[in-house]
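As structure tokens, the structure follows; a few thoughts come after it.
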Amino acid sequence: MRTQASVMHLDLDAFFAAVEQRDKPSLRGKPVVVGGVGGRGVVATASYEARVHGVRSAMSTREARSRCPHAAFLSGRFHAYREASHAVMSLLRSVSPLVEPLSLDEAFVDLQRAGLPDLEVATVTAFAEELRGRVTEVTRGLTASVGLGTSKFIAKVASDLDKPDGLVVVAPGTEQALLRPMSVTVIPGVGPATTERLRRAGIHTVAELEAVSLDELVRLVGRAHGTGLWSLARAQDDRPVVAEREAKSVSVEGTYDTDLTDRRLMEGLLTRQAGEVAARLRKHGMSGRTITIKVRLHDFTTLSRSSTLVSPTDSAATVARTARALLADLDTSGGVRLLGVGVSGLADWVQEDLFGETEEDEEELPAVEVPHHSRRTWSPGMDVVHAEMGRGWVWGSGRGVVTVRFETAETPAGPVRSYAEDDPALTAWVPPPLPDEQD
DNA sequence: TCTGGGGTCCTAGGACCC
DNA sequence: TCTGGGGTCCTAGGACCC
């Protein structure tokens, strides 16, 4: 355990909403809600003006609208958030090499590596106060709440104590006195399910948790969680600040405003998502062996199915084909509200394709040359179309020709037909935009 | 028409191997 | 014709975080 308050936690206040208010002066001082604006959207961030009306993160947008009808409801501009986040993280990294981002708006900073003359409370307090000012400068007006303590846990608790735009330093030695009267929910990892289990055992506060034996805690919540809780209840936390963490999975999912029932549509959407996952893998030079689909049914029950390949892939066609095969085993007759595709078991290399079956091969299906009429662009693996044989998806495009593969449950590798891209027999089915495309 | 999206970690059971 | 244990990998589900 550290004996000095050398761990800092920094949290940008109402981050998404604050960026919107910064960039659009007419929103300043007004309630702003950023999140999903569709029928099944939820609130990502509410400005403090909206919180006054009871709007909270993770609340359905529908409920937020009824609580605060006059708020501005925005779907979010993630490039602007990323830019502001990058400015803050760069600033933090200029101050200490040990910066651990938790999300776009939060990070831990290890002040043991910040080159301060000492780590006394007065010194780190003055340092953090100055840093908060610089965060506001580099973000052109955003504010941050900062906590300092002898561990990650204490620093995080501290940053929550004086929001927004606050600074709290928990003096070494005072941690347990601070925590004991607090609810067990201040402990990271204690969510609704654990809170309920503890409540049934008569445990509500950290002091009450501290009185429970390790064996009893393990019995209540399991081995890993129990031992973690036992330590945190005593303010024992020696988790280091870790700068670089390797990604372990990449995924894309979407919730649709109305439940899906058409399997061909679901396959088209999975294919499109697989394309996005593969593109992100390639962008980072990664590939993965395990492909997982996620399906949320109309009644919110959530299923997953996964399949592990013999070697890692970053191929859109391979991910898509595997995802569609996994969907085939599921009964979706009641309707599907969410579909997702993920790849895990990541490696930073790609297996040479030993069998010569590459994505390029699949995309270079025979196509008929016709005069070019550039009406729109068709994306292989992304666009779902209707044509005379029913619904299919675009397998290849170029030179004014669109190749469509018609697959059915009975014939997974169904017939392929080529059309001029402005052929009236061909009509696009355009899936709803994904959140990040709504910028 | 309650309940997002992108992640991490843990658990438990079965297969398989030594 | 009885009975192992440990380790690793894989799958499915769940809790949690921001």
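Numbers restart at 1 for each chain; the letters A, B, ... are given by sequence-line order, proteins then strands. Just so you know, these numbers come straight off a predicted model, no measurement behind them.
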Pairing string, 5' to 3', for DNA chain C - Watson-Crick or wobble contacts under 3.5 Å, brackets [ ] where pairs cross, | to another strand | ....||||||||||||||
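No contact: Thr61(A) has no heavy atom under 4.0 Å from any strand. Heavy atoms of Asp259(A) sit nowhere under 4.0 angstrom from any nucleic acid atom. Within the 4.0 angstrom heavy-atom criterion, only backbone atoms of the sugar-phosphate kind lie near Gly189(A); the bases stay farther away. At a threshold of 4.0 angstrom between heavy atoms, the contacts of Lys294(A) with the nucleic acid are absent. Residue contacts shown for Val250(A) are limited to sugar-phosphate atoms, with no base heavy atom under 4.0 Å away. Among the atoms of the strands shown, only primed sugar atoms or phosphate atoms (P, OP1, OP2) are found under 4.0 Å from some heavy atom of Arg296(A). Here Leu104(A) lies out of heavy-atom contact (under 4.0 Å) with every strand. Counting any heavy atom pair closer than 4.0 Å across all strands shown, Thr292(A) reaches no nucleic acid atom. Counting non-hydrogen atoms under 4.0 angstrom, Ala44(A) reaches nothing in the nucleic acid.
Residues Thr255(A) and Arg245(A) each lie close to DNA chain B; by heavy-atom proximity, the contact nearer the 5' end of the strand is made by Thr255(A). For the pair Ala58(A) and Glu246(A), nearest-nucleotide mapping onto DNA chain B gives the more 5' position to Ala58(A).
Remark: Arg239(A) fails to qualify as a cation-pi partner of Phe153(A) under the 6.0 Å distance and 45° angle criteria applied to the six-membered ring.
Between Lys152(A) and Glu100(A), at least one side-chain nitrogen of the basic residue sits less than 4.0 Å from a carboxylate oxygen of the acidic one, meeting the salt-bridge criterion. A salt bridge links Arg40(A) with Asp259(A); the closest basic N to acidic carboxylate O contact falls under 4.0 Å. Remark: Lys156(A) does not engage Asp11(A) in a salt bridge, criterion side-chain N to carboxylate O under 4.0 Å. Here Arg200(A) pairs with Glu196(A) in a salt bridge; the nearest charged N to carboxylate O distance falls below 4.0 Å.
Here the side chain of Thr136(A) pairs a donor or acceptor atom with the backbone of Arg132(A) at under 3.5 angstrom. In this structure a side-chain-to-backbone donor-acceptor pair under 3.5 Å is missing from Ser304(A) to Ile293(A). For the pair Thr61(A) (side chain) and Gly36(A) (backbone), a donor-acceptor distance under 3.5 Å is present.
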All N/O pairs under 3.5 Å across the protein-nucleotides 11-15 of chain B interface:
unit_1	atom_1	unit_2	atom_2	d
dT11(B)	OP1	Arg223(A)	N	3.4
dT11(B)	OP1	Ala224(A)	N	3.0

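Out of dC18(C), dT3(B), dG7(B), the shortest distance to the side chain of Ser251(A) is found at dG7(B). Comparing atom distances between the Glu253(A) side chain and each of dG4(B), dT8(B), dG5(B) picks out dG5(B) as nearest. Of the candidates dT3(B), dG6(B), dC18(C), the closest approach to any side-chain atom of Arg280(A) belongs to dG6(B). Candidate nucleotides dG4(B), dG5(B), dC16(C) were compared by shortest atom distance to the side chain of Val42(A), and dG4(B) ranks first. Between dC10(C), dT8(B), dT3(B), one nucleotide has an atom nearer to the side chain of Ser249(A) than all others, and that is dT8(B).
Between Phe108(A) and His9(A), the two ring planes are tilted [angle within 30° to 60°].
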